[in-house]
**Student:** 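Okay, handing you the structure first.
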Amino acid sequence: MLSLPPVQKLLRPKSVVGSDVAKEVTSPVLATEAGPPTCYSALRADELRPLAAPKDEGAASTGQPPRHDDLKEMLDSNKDSLKLEAMKRIVAMIAWGKNASDLFPAVVKNVACKNIEVKKLVYVYLVRYAEEQQDLALLSISTFQRGLKDPNQLIRASALRVLSSIRVPIIVPIMMLAIKEAASDMSPYVRKTAAHAIPKLYSLDSDQKDQLIEVIEKLLADKTTLVAGSVVMAFEEVCPERIDLIHKNYRKLCNLLIDVEEWGQVVIINMLTRYARTQFLSPNQNESLLEESAEKAFYGSEEEDTKDAKAEAASLAKRKPYVMDPDHRLLLRNTKPLLQSRNAAVVMAVAQLYFHLAPKAEVGVIAKALVRLLRSHSEVQYVVLQNVATMSIKRRGMFEPYLKSFYIRSTDPTQIKILKLEVLTNLANETNISTILREFQTYIRSMDKDFVAATIQAIGRCATNIGKVRDTCLNGLVQLLSNRDELVVAESVVVIKKLLQMQPAQHSEIIKHMAKLTDNIQVPMARASILWLIGEYCEHVPKIAPDVLRKMAKSFTNEEDIVKLQVINLAAKLYLTNSKQSKLLTQYVLNLAKYDQNYDIRDRARFIRQLIVPTEKSGALNKYAKKLFLAQKPAPILESSFKDRDHFQLGSLSHLLNAKAVGYQELPDWPDEAPDPSVRNVEVPEWTKCTSREKRKDKVEKPFYSDSEGESGPTESADSEPESDSEESGSSSSSGTSSSSSEEEDEEEEEGGSEEQSEDKEGEEEEEEKRKKKKEKGGPRKASPRSVGSEEEEEAEGKKVKKAAGPQGKKGHAETSSEEASASESSSSGSDSGTEAPTVVEAKRRKVIPSSKAGPKEISLLDLDDFTPPPPQPVPSSSIISTSLVTDLEGLTLTDTSLAPALLSPAFGAVRTYELLHRMAGEGLSVEYCFSRRPFPGDPHMVAVQIQISNNTDAEVKSLRVSEPKLLAGMRIQEFPEIESLAPGDTASVVMGIDFCDSTQAANFQLCTHTRHFYVSIQPPVGELMAPVFMSENEFRKEQGKLTGMSEITEKLTLPEKCRSDHAIVQQVTSAANVGRVPCGADNEYRFAAKTVTSGSLVLITLEWREGAAAQLTVNSEKMVIGTMLVKDIIQALAQ
Amino acid sequence: MKMIHSLFLINCSGDIFLEKHWKSVVSQSVCDYFFEAQEKAIDVENVPPVISTPHHYLISIYRDKIFFVSVIQTEVPPLFVIEFLHRVADTFQDYFGECSETAIKDNVVIVYELLEEMLDNGFPLATESNILKELIKPPTILRSVVNSITGSSNVGDTLPTGQLSNIPWRRAGVKYTNNEAYFDVIEEIDAIIDKSGSTVFAEIQGVIDSCIKLSGMPDLSLSFMNPRLLDDVSFHPCIRFKRWESERVLSFIPPDGNFRLISYRVSSQNLVAIPVYVKHLISFKENSSSGRFDVTIGPKQNMGKTVEGVVMTVHMPKAVLNMNLTATQGSYTFDPVTKVLAWDVGKITPQKLPNLKGIVNLQSGAPKPEENPSLNIQFKIQQLAISGLKVNRLDMYGEKYKPFKGVKYITKAGKFQVRT
């Protein structure tokens, strides 16, 4: 009741007396606070009538206490149909929030009614009003007590459910008894209901805690999935601190998890996250100690969620002193499939578990699932994006591949847009910043001004974090200063101020520019920022500063307080640096301020006067005034509001609100030393021993099977189980096999993969092993239907089949099936009907291109791939309007003429992919490459080639790498890091760098897998050998003047109709070559500039468009070969 | 966890038209905080889903013009509540054919019974539609006639056994005379096309919706010609995860009736074929109160199928007063209040491309709009899954009869936006 706002307090007594009267009062009061007032009350009275007509009339006519006479009569009748009708009306009243408590005696009589629906509705009523009418409620108890003894489990369960929902303290002992009894009921459903009843009783009477904990302990030991979720919920509610109760049930909970209903899964996963944090060691603790972090990062960047990657990571971990507790591994492994759940809450729960518990290298698997949730309802998006924002600060690499999924649509709600922006900013780094900035350019023009303001701040953050683009961003923001929207300008000013603070010396131009803005900008914050800037850097703008002060002194009285303070500030600083010009002005301003209405301003004026104006009284401080005012101020750090939010458990309400919510359980820090892991053991050591012996026998029969046993050896030793010695010896004997078999065939690798799965399952898993062995002797079985524990069974079965059938059987089967698939595909591609599936068509198209010697001619045909220019049609587009459109759009670009040449990659548009290895030639391995047009991170002289390798075979491909490059003199290759393994059906994307020495000679090399070598070659189109540079028109002219004569190639061409618009031309040229556009005064002239990647020689392109279709293309470059080829390529691109 | 304490249903004009409490009663006045936030947000979409008040937390969703506002007292994963509320809305949709204020008011008793079964003490109890339908029969015209005569009710008269089984999503004793299983493979293209026509971002999201009317306990397995296309899949709980992991086969005992079997994303590595292109010319003249609007939509790469059901919606800038356009095909409407232009194109025939052009009237004196509006395109292509996904076969075990099997493919535009 404490929560009631005053309004409600006033209303409350009335609402108890007569709800209808109260309602009439409520509506207008509520309406004044929220919602449209008139229609609110009108609608309400109107639509109420059909629902509770009789009662309303009664209330209206008399308003006397015996209002529900008709209902009471109906309830007292013998006819079930009348009772039902009455109960329905009463429930409708409850649903409306009307008071029906005076009917209690009449209703409670019907609790024993035979009709199920009447009974149910009576229950609904009881649960709602029992608390208010405790004495009368007791009348119903005996009915429920009888129900608790019913032979039918469903009746027992429902009796307990209602009984426990009646919040009447007197019946606490009865409830306690009922719960205890139900907890040992035969039926799991009744036991589940008992678990549900526990928190109800606890909230009614917390003194029962000890007894309830006993019941919880008992129910935790339950082995059915039905109970598991509910009892953990009760545990969390009643005794979350009793983590010791979980020990013995930990493994069972992990194993049951996948079959628990979805809501229970969420609760269990959250609880286990906390449990794991107290019981296991941090998997990332050794990262800094050992210098394997580089290798680790490689695994992390791969983000392969295959078991094999995990196997690698696990085996890698083995070599370190840190050994992951097998129970820890069990949890990670058993929760991972739930990332595929349709329930967003489950996915989020697993994601936070991985984020908080998994080794760094494995956390990546959650990214994909989280990105998937972004397709869901906007509320889900909102919550997920908040969590992604926090995660992306800690683990940026995880979400980088999904960058584009965070791009913003104009239809997104503003709150979603701002969160996406946050994520994009967090993900920005040197390599992707140009793409992100290009996106931001689109956002800045949005109609949604809040979003524009957020974008400007995001640009500011990118600029502070990434030094490379600081100037670009700054210039872009300066251009925004001439924007028409004042809010945009103001936001830019504030951000520019922060940016300038980092390097003021170079930017006096900008400061001057901003000084001019004081005449126009009215937003106080922006004015204040400008004044502060001028004051702070008045030495850089010695002429302007006093003039600004003069203007401000004039308008001082009309300014906002925050501006006034900065005017005083500016005056003080000027007085100290340039007292000759500003002494009088300062005096004037200080005098004005002295009589200001705001005491802050008066105080400030007085204080500053004492400080700066030397008088006889003013003492020592005066000497230091300069030091005080003109001290170096540290630049502000623009950082994400999501920084350090991860100290709240992700996915929690507290995390979302960034404040501790009531009942939030802190996520404990990892312990320094692992608590005794044996507390989780539930088995008697006897049979463990015998299985270990059997296992050893197993080892002799199946050498690679033993491999995994060896792996699990040391981990089990951590369990300090009695047989650890023998295990240790097993591991040493198997280590030889594992190393020698590293280059074995795929089949074995698969085996290894599934082995890894079972590797750290132990305890009851070992029982599985035993069963498995038994099954090996039996013939193959059909798939067993899903049941409790089916998971292990299926897994075991998979192994068994493989072993029984042997490699050849399995392989044979796989081959035939793949043959079938390829046959069907080739037949379909053979028929030329246009109704093929898109992939087939795609494949066909790729086949057309010769794999190795694809000359530029063929390649340019591929332009159609993603962007088919529409067929020519009679759209009368007058060139005047189209150019004005383009200039409009271009006006806001972040880069402009005033910029010093800076590298920026305008890789927009379709990126053409080329085939490196066809899947037929590659025996199922298909490799494609494209020029990503991003700077290659390692070496600026290299062209970055993005390579996509997909494994279409049925087997895993291991150790993919580049070897034996055959290159011409001077050319260099930076190979991509070796891909340890690529699971069937998976695709990996890697980047390699090639220094082509500014020639179009192909780079030949071999692509090796563990079994095969393929000779491949990459030949760059000439347009990819350069990177765009930005320069001004004057610079362009100057450079062009130097490159005449031999270095100039001119060609005439005719523009086809569809290429006669500005953007088509720009698009075609930039798609043919990686060049940047240079602004140009003339309407019919287009200029582009680039530098070759290796030698950095300038390449300048000019396209002059004359009347009609005629045009002239000029390329200036000292690399004549490149120039000639480029001319050809561009003409080709424009003519197609 | 006292997860959900109370639930209020609120319509767009701010009336609380239903309330349900699972524990002690929380006064309606708690919703004032919600109304406050709603007012601040201006737009319904921007009401924050989680609101913190001095003594409660409000978690809300907005579905079909209804706010579902739940009252929470303690820490709880917000997604848990949000997901549950959506499940409630889905259930209403399933029961009444629509999740509207009228439907809820007309069926207030059933709604109350459903809420009673779905949550126990604020913790979800029965959320599977198959179980709920066993407990509470959905209203049908026939049943309401019968009920009014016989006085019987819509509460199930047999005790529900579904809750007790290991297959909690399927009701027992299903019987059909015609045994049928239908699968709809529905793919949606999400894309952002930039003003030059190149694809900034494109992705295919698909779902398989099933309608399964099979007697007994059928055990189905559905296989694909090209399962590797599926990059990221989320499953209905009935699917056996291990079978998918090892064999890429969907093996499951289906729920009875309609349900979503899987939803998937086609790996972003595959190039997405964009089936339409848009040629646009939208410009606003400086210092004049008019602008030009000229948009043409055409088909491309559509595998010989017709692109139909094409609708373009554009949120025009605020300064736009009216639009005088002519459409060569279909009809257009412009709502001067919401500034939404909708053009219902219909089918695209490549011979004559649909075009909409004309004059935009701007508020005189207002500055020229900064941004050109984005075009949101909807379309449909029947009998085509744009990713190329193909169902190979459906096998049934566990029952003897021969079911009728059907697969339908359809491609639609998802969030398909063209920037101009």
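Here is how names work: the chains are called A, B, and so on, in the same order as the sequence lines, proteins then strands, and each is numbered from 1.
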**Student:** Please identify each residue that fulfils side-chain hydrogen bond (donor to acceptor under 3.5 Å, both in side chains) with A:Ser230, with sequence neighbours left out.
**Tutor:** A:Lys192, A:His196
**Student:** Measure the shortest side-chain to side-chain distance between A:Trp96 and B:Lys105 over non-hydrogen atoms and say whether it is less than 4.5 angstrom.
**Tutor:** yes
**Student:** Does B:Val47 offer a backbone N or O that forms a donor-acceptor pair with the side chain of A:Gln415 under 3.5 Å?
**Tutor:** yes
**Student:** So A:Asp986 and B:Arg228, do their side chains get closer than 4.5 Å, heavy atoms only?
**Tutor:** no
**Student:** To check you understand the geometry: which heavy-atom pair defines the closest contact between B:Ile61 and A:Glu379, and what is its length?
**Tutor:** CA-OE2, 3.4 Å
**Student:** Is it the backbone or the side chain of A:Val384 that comes under 4.5 Å from a heavy atom of chain B, or both, or neither?
**Tutor:** side chain
**Student:** Just so I understand: if I count every heavy-atom pair under 4.5 Å between each of B:Val200, B:Asp43, B:Ile262, B:Asn376 and chain A, which residue has the most?
**Tutor:** B:Val200
**Student:** Side chains of B:Asp194 and A:Thr442: does their closest heavy-atom pair fall under 4.5 Å?
**Tutor:** no
**Student:** Between B:Asp232 and A:Arg372, does any NZ, NE, NH1 or NH2 come within less than 4.0 Å of an OD or OE carboxylate oxygen?
**Tutor:** yes
**Student:** Walk me through whether B:Asp120 and A:Ser165 qualify under side chain to side chain contact (heavy atoms under 4.5 Å, CB included).
**Tutor:** CA-CA 9 Å; B:Asp120 179 19; A:Ser165 298; 4.2 Å; yes
**Student:** Can you confirm whether B:Phe123 sits close enough to A:Val267 that some side-chain heavy atom of one is under 4.5 Å from a side-chain heavy atom of the other?
**Tutor:** yes
**Student:** With chain B as the partner, which of A:Val380, A:Asp412, A:Thr193, A:Val127 has the greatest number of non-hydrogen pairs under 4.5 Å?
**Tutor:** A:Val380
**Student:** Tell me whether A:Gln340 contacts the main-chain N or O of B:Phe235 through its side chain, where contact means a donor paired with an acceptor under 3.5 Å.
**Tutor:** no
**Student:** Is chain A contacted by the side chain of B:Thr53, its backbone, both, or neither, given a heavy-atom distance below 4.5 Å?
**Tutor:** neither
**Student:** Does any heavy atom of chain A fall under 4.5 Å from the side chain of B:Tyr112, the backbone, both, or neither of them?
**Tutor:** side chain
**Student:** Heavy atoms only, distances under 4.5 angstrom: which of A:Ala157, A:Ala659, A:Gly663, A:Ser652 has the most pairs with chain B? Name it, please.
**Tutor:** A:Ser652
**Student:** Just so I know, are the side chains of B:Asn121 and A:Arg161 near enough to count as touching, which here means a heavy-atom distance under 4.5 Å?
**Tutor:** no
**Student:** Which residue is it: A:Val124, A:Leu121, A:Val91? I am looking for the one with a side chain to side chain contact (heavy atoms under 4.5 Å, CB included) to B:Glu113.
**Tutor:** A:Leu121
**Student:** Go through the structure and list residues passing side-chain hydrogen bond (donor to acceptor under 3.5 Å, both in side chains) with B:Glu188, not counting sequence neighbours.
**Tutor:** A:Arg375
**Student:** Work out which heavy atom in B:Pro77 is nearest to a heavy atom in A:Val266; give both atom names and the distance.
**Tutor:** CG-CG1, 4.2 Å
**Student:** With a 4.5 angstrom heavy-atom cut-off, is it the side chain or the backbone of A:Ser164 that approaches chain B, or both, or neither?
**Tutor:** neither
**Student:** Relative to chain A, which of B:Trp22, B:Tyr57, B:Phe8 shows the most heavy atom pairs under 4.5 Å?
**Tutor:** B:Tyr57
**Student:** Do you know the tightest heavy-atom contact between B:Pro78 and A:Gly651?
**Tutor:** CD-O, 3.0 Å
**Student:** Between A:His377 and B:Glu83, is any side-chain donor less than 3.5 angstrom from a side-chain acceptor?
**Tutor:** no
**Student:** Run the side chain to side chain contact (heavy atoms under 4.5 Å, CB included) test on A:Arg445 and B:Asn372 for me, step by step, so that the C-alpha distance in whole Å, both residues' side-chain angles and the decisive distance to 0.1 Å come before the verdict.
**Tutor:** CA-CA 8 Å; A:Arg445 295 198 313 269; B:Asn372 276 343; over 6 Å; no
**Student:** Relative to chain B, which segment of A:Ser376 carries a heavy atom at a distance below 4.5 Å: side chain, backbone, both, or neither?
**Tutor:** neither
**Student:** If you take all heavy atoms of B:Pro317 and A:Met447, which pair is closest and at what distance?
**Tutor:** CA-SD, 3.4 Å
**Student:** When rounded to the nearest 0.5 angstrom, what distance separates CD1 in B:Ile192 from OG in A:Ser410?
**Tutor:** 9.0 Å
**Student:** I'd like to verify something: which residue of B:His315, B:Glu45, B:Gln417, B:His21 has the highest number of heavy-atom pairs under 4.5 Å with chain A?
**Tutor:** B:Gln417
**Student:** When rounded to the nearest 0.5 angstrom, what is the spacing between CG in B:Leu79 and CG in A:Leu373?
**Tutor:** 7.0 Å
**Student:** Tell me, out of A:Leu653, A:Val662, A:Leu339, who's got the most heavy-atom pairs with chain B below 4.5 Å.
**Tutor:** A:Leu653
**Student:** Name the region of B:Phe84, side chain, backbone, both or neither, that has any atom closer than 4.5 Å to a heavy atom of chain A.
**Tutor:** both
**Student:** Should B:Lys23 and A:Glu131 count as an ion pair when the cut-off is N to O under 4.0 Å?
**Tutor:** no
**Student:** Scan side-chain atoms only and decide if A:Gln1067 and B:Ser198 contain a donor-acceptor pair under the 3.5 Å cut-off.
**Tutor:** no
**Student:** For the backbone of A:Ala95 and the side chain of B:Lys20, can you confirm whether one donor and one acceptor N or O come within less than 3.5 Å of each other?
**Tutor:** no
**Student:** What residue, out of B:Ile82, B:Asp190, B:Asn46, has the most heavy-atom pairs lying under 4.5 Å from chain A?
**Tutor:** B:Asn46
**Student:** Distance check, rounded to the nearest 0.5 Å: A:Asn343 atom CG versus B:Thr127 atom OG1?
**Tutor:** 8.5 Å
**Student:** At a 4.5 Å cut-off on heavy atoms, which part of B:Glu128 comes close to chain A: side chain, backbone, both, or neither?
**Tutor:** side chain
**Student:** Which atom pair, heavy atoms only, marks the closest approach of A:Tyr407 to B:Phe201?
**Tutor:** CD2-CB, 4.3 Å
**Student:** B:His236, B:Arg87, B:Arg260: which one forms the most heavy-atom pairs within less than 4.5 Å of chain A?
**Tutor:** B:Arg87
**Student:** Between A:Glu439, A:Gln352, A:Lys660, which residue shows the highest count of heavy-atom pairs closer than 4.5 Å to chain B?
**Tutor:** A:Glu439
**Student:** Under 3.5 Å, is there a donor-acceptor pair between the side chain of A:Arg409 and the main chain of B:Lys415?
**Tutor:** yes
**Student:** May I ask you to name which of A:Ser950, A:Ser446, A:Ala1064 has the most heavy-atom pairs under 4.5 Å with chain B?
**Tutor:** A:Ser446
**Student:** Would you confirm whether B:Glu75, through its side chain, and A:Ser654, through its main-chain N or O, come within 3.5 Å as a donor-acceptor pair?
**Tutor:** yes
**Student:** Could you have a look at A:Lys404, A:Met87, A:Lys79, A:Glu261 and say which one has the most heavy-atom pairs with chain B under 4.5 angstrom?
**Tutor:** A:Lys404
**Student:** Which pair of heavy atoms, one from B:Pro48 and one from A:Tyr382, lies closest together, and at what distance?
**Tutor:** CB-OH, 4.2 Å
